[in-house]
Structure formats: C-alpha cells, structure tokens
Amino acid sequence: GAEGSTLMSYFSKNQIRALKPKITFSTLRDLQCPVLKSNDLQGKPEESCGTEELFEWLGAVLNQVSLDNNSSSFLSTYCCPEPNTVVEKAFLCTITGFIIPEKIIQLLEQLCCYFGEPKLAYWLTLTVHGFADSPVSWRENEHGFHKGGENLYNFVIFRNLDYWLQMAVGAHDDCPP
C-alpha cells in the first residue's frame, strides 16, 4: 500500500545519499619524493629507493606528517628516504565511500592517461583501503580486527606502464591471493 511505497522511497533516497563517495582534492607543494626505478624493487644506495621505503613515505604523506625530520616535533622525526627529489606540485585525491572493483579499474585506467602529454610524472600511486572494521578481508575470510585492521593494497604505476603491487594485511588474516 501507500505506507510500503513511502518506506521504499525513504530508503532509496537515503541509501543513494549514503553510498555517494566523498571526494577531496589537495595540492602538495615542494614535496620531497623518493626516487624510484620500476625494475628495482629493493632499491640501490644513492640510486633509488625500495618498495618498503616508498610504502612508509606514502603513509606519512597520506597522513600529512611533516617530512623535515624536525627534532622539536612531538609527532614525528620522519624524513624522506634517500635518494629523493623535490616535486614542485603533487596532486592528492581522496575518495571515501563504498567503491566497487570495476570503478577501481576505471580509476587506474584514467590515472594511466596522466602519462600522456605533457609527460610530467615519473610515477603515480593508487591506494585502496578496506574499512578497518570490515567483517571480510581477502579471499572472503573473516577479517581479524585485533589491532589496526590493516586491509589495503597500493599500485605504483610507472611512466613505461610497469607497476608494483603492494599489499598489507593484519597478522591474523589470510594473505591476499
């Protein structure tokens, strides 16, 4: 009856609102970035940084932690790994919400278009976080929240379209496939 259709319209409106992702953009100026080489996962002293150093640096950037190794900082004395280079402008886009795998593939494809003219970027990253308290993690198995609820992967895509795929998962979870 009328009550049922009113209820349906209420839920459909509110569900649509709840599922619409929130998008924020920011520009990071004069950002210290690690030097990376697509064929060098471990990195080489004075030549390039490795995957673990990049992952740590990315965490600092995404959490807006200062990279200047300031001894008076109570938050962090972290500094960008060596070798590094200063990038005049870096763009950070954060999309928060429930995002299906097909949309992530679309995002990756659009990001790769960024390597077209003008060829400004040497590499870019796409990080996908699962919700920390998600009931399911990899392989449809139960997600062990325990401490941090780690549940993420990160693509690093290079200008020649080589890529790295990094995955992080909590100690009580299955390893990703």
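Everything numeric in this text was worked out from a predicted model, so none of it was measured.
- Cluster membership for Tyr163 and Leu111, using ILVMFWY side-chain heavy atoms within less than 4.5 angstrom, is shared.
- Residues Pro83 and Pro34 form no side-chain contact, since every pair of their non-hydrogen atoms from C-beta on lies 4.5 Å or further apart.
- By the 6.0 Å and 45° rule, Arg159 does not stack over the aromatic ring of Phe115.
- Tracing side-chain contacts under 4.5 Å through hydrophobic residues (I, L, V, M, F, W, Y), one never reaches Ile105 starting from Val156; they form parts of separate clusters.
- The distance from the CG atom of Leu107 to the CG atom of Leu126 is 6.0 Å, given to the nearest 0.5 Å.
- With rounding to the nearest 0.5 Å, the separation of CD in Gln42 from OG in Ser48 is 10.0 Å.
- Heavy-atom minimum distance, Thr51 versus Gln166: O-NE2, 2.9 Å.
- In the hydrophobic cluster analysis, where Ile, Leu, Val, Met, Phe, Trp and Tyr join through side-chain heavy atoms closer than 4.5 angstrom, Leu58 is grouped apart from Val87.
- Between Pro21 and Ile95, the closest heavy-atom pair is CB-CG2, 3.6 Å.
- Both Leu161 and Leu124 sit in one connected hydrophobic cluster of ILVMFWY residues. Membership requires side-chain heavy atoms under 4.5 Å apart, directly or through other members.
- Contact of the Asp162 side chain with the Asn39 side chain is not registered, since no non-hydrogen atoms from C-beta on lie closer than 4.5 Å.
- Atom OH of Tyr122 is surrounded by 12 or fewer heavy atoms from other residues, nucleotides or ligands within 6.0 Å.
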Verify side chain to side chain contact (heavy atoms under 4.5 Å, CB included) between Cys33 and Asn84, making sure each step is shown before the conclusion. CA-CA 5 Å; Cys33 292; Asn84 58 55; 5.9 Å; no

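- Nearest heavy atom pair, residue Arg29 against residue Lys89, reads NH1-CE, 3.1 Å.
- Contact record, Met167 with Tyr153: CG-CB, 4.0 Å, taken as the closest heavy-atom pair.
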Can you check side chain to side chain contact (heavy atoms under 4.5 Å, CB included) on Ser38 and Trp123, steps first, answer last? CA-CA 9 Å; Ser38 63; Trp123 52 268; over 6 Å; no

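- Distance CD1/Ile100 to CD/Gln106: 8.0 Å, rounded to 0.5 Å.
- Going from atom CD of Glu56 over to atom SG of Cys80 covers 10.5 Å, rounded to the nearest 0.5 Å.
- Leu41 CG to Glu52 CD: the interatomic distance, rounded to the nearest 0.5 Å, is 11.0 Å.
- What you find for Cys93 and Phe25 is that their closest heavy atoms are SG-CE2, 3.6 Å.
- Formation of a donor-acceptor pair under 3.5 Å by the Glu53 side chain with backbone atoms of Gly50 is found in this model.
- Taking a 6.0 Å sphere around CZ of Phe158, one finds it holds more than 12 heavy atoms contributed by other residues, nucleotides or ligands.
- No side-chain heavy atom of Val86 sits under 4.5 Å from any side-chain heavy atom of Leu31.
- Under the 4.5 Å side-chain criterion, counting only non-hydrogen atoms from C-beta, Ile157 is in contact with Leu108.
- For the pair Leu152 and Phe55, the tightest heavy-atom approach, listed with the atom from each and the gap, is CD1-CZ, 3.6 Å.
- Using a 4.5 Å cut-off between side-chain heavy atoms of Ile, Leu, Val, Met, Phe, Trp and Tyr, with links allowed through other members, Leu36 and Leu92 fall into the same hydrophobic cluster.
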Chi angles and distances behind the side chain to side chain contact (heavy atoms under 4.5 Å, CB included) call for Ile23, Thr94: CA-CA 6 Å; Ile23 303 173; Thr94 306; over 6 Å; no

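- Considering NZ of Lys103 and CD of Gln110, their distance stands at 8.5 Å, rounded to 0.5 Å.
- The number of heavy atoms from other shown groups lying within 6.0 Å of CD (Glu88) does not exceed 12.
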What's the verdict on side chain to side chain contact (heavy atoms under 4.5 Å, CB included) for Leu165 and Asn154, showing C-alpha distance, side-chain angles and the deciding distance? CA-CA 6 Å; Leu165 174 58; Asn154 179 57; over 6 Å; no

